[in-house]
*Asks:* 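I'd like to ask you about the structure that follows.
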Amino acid sequence: MARRTKEEALETRNAILDAAVRVFALRGVANASLTDIAKEAGVTRGAIYWHFANKADLINSLWEQVLEFYAPLTEASESLDEPDPLGKLQELYISFFAGMEEDPLQRQLFRILFDEGDRSKDTEIVRQRHHQLRSERYQGLQIVLGNAIRRGQIPPDFDVRLGTVTLFSMIHGLIANWVMNPELVDIRKHGPLVVQSVFQMFRSGALVQQSRDQP
């Protein structure tokens, strides 16, 4: 009985998260209430508070679902034992781009980040959490590029910091443009091409020369 109760609690939690994605897509985060989400999920408002402290906690739990899905590839790309760090990073991005197109959860979460018209206390909390995640990912990319140098995939005097900024900006800009103007960007098609182009630039030594020319 206890096992079944635990399974039922997990089913309820997942139903709430799934309902939240649908409600946020319809109403936006600022205009969506926990009552709306409870009604969509077919549960009581109290059931939501049993699993989540507030709306921001619910949204951050959705983010954790996405991060957990990509964690194995992320960890592999940052591993010092990985023989092909750029290849593993490219695999991570390709998987991510496909998920952006196929998974309504990921699409909605990134709309929350980039939609300036959907502002509230809850979305600001989420943006602060994502800012922390970006900082962590920035550090992770430096590890990947440092490992790529050691593996001979990019020049030994490659500017890791500049390379990280370049890659981070390109990926962030690609996602932002796709989220806000999906008719202009085919992220599943164009995303891998962007990554390949950036890696080709890294291998060519272009950033090394640019970094040397700086005062």
*Asks:* How about V43 and I37: do any of their side-chain heavy atoms sit closer than 4.5 Å?
*Replies:*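 Not in contact.
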*Asks:* Okay, side chain of K88, backbone of E75: is any donor-acceptor separation there less than 3.5 Å?
*Replies:* no
*Asks:* Show the nearest heavy-atom pair for residues A15 and A41, with the distance to one decimal.
*Replies:*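 Scanning both residues completely, I find the closest heavy atoms to be O-CB, 3.8 Å.
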*Asks:* Using the side chain to side chain donor-acceptor pair (under 3.5 Å) rule, collect all pairs that involve residues 182-191, keeping only residues at least two apart or in two chains.
*Replies:*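 Listed once each, the pairs are E101-R188, E102-R188.
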*Asks:* How far does CG of L167 sit from OH of Y93, to the nearest 0.5 angstrom?
*Replies:* 4.0 Å
*Asks:* Y70 versus S95: any side-chain heavy-atom pair under 4.5 Å?
*Replies:* yes
*Asks:* Within this structure, what is the NE2-CG distance for the pair H172 and N177, rounded to the nearest 0.5 Å?
*Replies:*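 Output value for this atom pair is 10.5 Å.
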*Asks:* Can you name the residues that form a salt bridge (charged side-chain N to carboxylate O under 4.0 Å, His left out) with E82, not counting sequence neighbours?
*Replies:*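 Scan of E82 (salt bridge (charged side-chain N to carboxylate O under 4.0 Å, His left out), adjacent residues dropped) gives none.
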*Asks:* Quick check: is I48 connected to W50 through a chain of hydrophobic side chains (ILVMFWY, heavy atoms under 4.5 Å apart)?
*Replies:*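 No, it is not one cluster - the side chains of W50 and I48 are not joined through contacts under 4.5 Å.
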*Asks:* Linking I/L/V/M/F/W/Y whenever any side-chain heavy atoms sit under 4.5 Å apart, do V144 and L162 land together?
*Replies:* yes
*Asks:* Going through the checks in order, is the side chain to side chain contact (heavy atoms under 4.5 Å, CB included) test met by Q153 and F202?
*Replies:* CA-CA 9 Å; Q153 293 186 311; F202 288 178; over 6 Å; no
*Asks:* Are the charged groups of E40 and R27 less than 4.0 angstrom apart, N to O?
*Replies:*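 So E40 does not pair with R27 through a salt bridge.
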*Asks:* Can you confirm whether R151 sits close enough to D84 that some side-chain heavy atom of one is under 4.5 Å from a side-chain heavy atom of the other?
*Replies:* no
*Asks:* Using the rule that two of Ile, Leu, Val, Met, Phe, Trp, Tyr join whenever any of their side-chain heavy atoms come within less than 4.5 Å, decide whether V198 and V185 are in one cluster.
*Replies:*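 Same hydrophobic cluster.
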*Asks:* May I ask whether L26 and I16 are part of the same hydrophobic cluster, defined by side-chain heavy atoms of I, L, V, M, F, W, Y residues being less than 4.5 angstrom apart, directly or through others?
*Replies:*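 No, no single cluster joins them.
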*Asks:* Taking all non-hydrogen atoms of both residues, which atom of H51 and which atom of A47 are closest, and how far apart?
*Replies:* CD2-O, 3.2 Å
*Asks:* Hey, are the side chains of F96 and I175 touching, using non-hydrogen atoms and a 4.5 Å cut-off?
*Replies:*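 With C-beta onward as the side chain, the pair touches.
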*Asks:* Going from CG on L73 to CD1 on I94, what distance comes out if it is rounded to the nearest 0.5 angstrom?
*Replies:*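 It comes to 10.5 Å.
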*Asks:* Where is the tightest heavy-atom contact between G205 and P155, given as atom of each residue plus distance?
*Replies:* CA-CG, 3.9 Å
*Asks:* What's the spacing between E136 CD and L141 CG if we round to 0.5 Å?
*Replies:*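 The CG atom of L141 is 12.0 Å from CD of E136, to the nearest 0.5 Å.
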*Asks:* For a quick test of reading the model, state the closest non-hydrogen atom pair linking F158 to G163 and the distance between them.
*Replies:*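 Reported closest heavy-atom pair: CZ-CA, 3.7 Å.
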*Asks:* Output the distance between atom CD1 (I171) and atom OG1 (T166), rounded to the nearest 0.5 Å.
*Replies:*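 With rounding to 0.5 Å, CD1 (I171) is 11.5 Å from OG1 (T166).
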*Asks:* May I ask whether F97 and L184 are part of the same hydrophobic cluster, defined by side-chain heavy atoms of I, L, V, M, F, W, Y residues being less than 4.5 angstrom apart, directly or through others?
*Replies:*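 Yes, it is one cluster - the side chains of F97 and L184 are joined through contacts under 4.5 Å.
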*Asks:* Run the side chain to side chain contact (heavy atoms under 4.5 Å, CB included) test on S61 and L58 for me, step by step, so that the C-alpha distance in whole Å, both residues' side-chain angles and the decisive distance to 0.1 Å come before the verdict.
*Replies:* CA-CA 5 Å; S61 295; L58 192 158; 5.7 Å; no
*Asks:* Answer yes or no: is there a side-chain heavy-atom contact under 4.5 Å between F199 and I154?
*Replies:* no
*Asks:* If every non-hydrogen atom of A53 is compared with every non-hydrogen atom of D57, which pair is closest and at what distance?
*Replies:*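 Shortest heavy-atom contact: N-OD2, 2.9 Å.
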*Asks:* Between atom NZ of K39 and atom OG1 of T44, what is the distance when rounded to the nearest 0.5 Å?
*Replies:* 15.0 Å
*Asks:* Does a donor on one side chain sit under 3.5 Å from an acceptor on the other, for N147 and E78?
*Replies:*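 There is no such pair between these side chains.
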*Asks:* Tell me if a side-chain donor or acceptor on S79 pairs with a main-chain N or O of A76 at a distance below 3.5 Å.
*Replies:*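 Pair absent, no side-chain N/O of S79 close to backbone of A76.
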*Asks:* Do Y138 and V165 have side-chain heavy atoms sitting under 4.5 Å apart?
*Replies:*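 When only atoms from C-beta onward are counted, V165 and Y138 do touch, with a gap below 4.5 Å.
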*Asks:* On a heavy-atom basis, which atom in F52 and which in L17 lie closest, and how many Å separate them?
*Replies:* CZ-CD2, 3.6 Å
*Asks:* Are the side chains of L145 and L86 in touch, meaning some heavy atoms are under 4.5 Å apart?
*Replies:* yes
*Asks:* Can you confirm whether R150 is buried at CZ, in the sense that more than 12 heavy atoms of other residues, nucleotides or ligands lie under 6.0 Å from that atom?
*Replies:* yes
*Asks:* Just so I know, are the side chains of M100 and V179 near enough to count as touching, which here means a heavy-atom distance under 4.5 Å?
*Replies:* yes
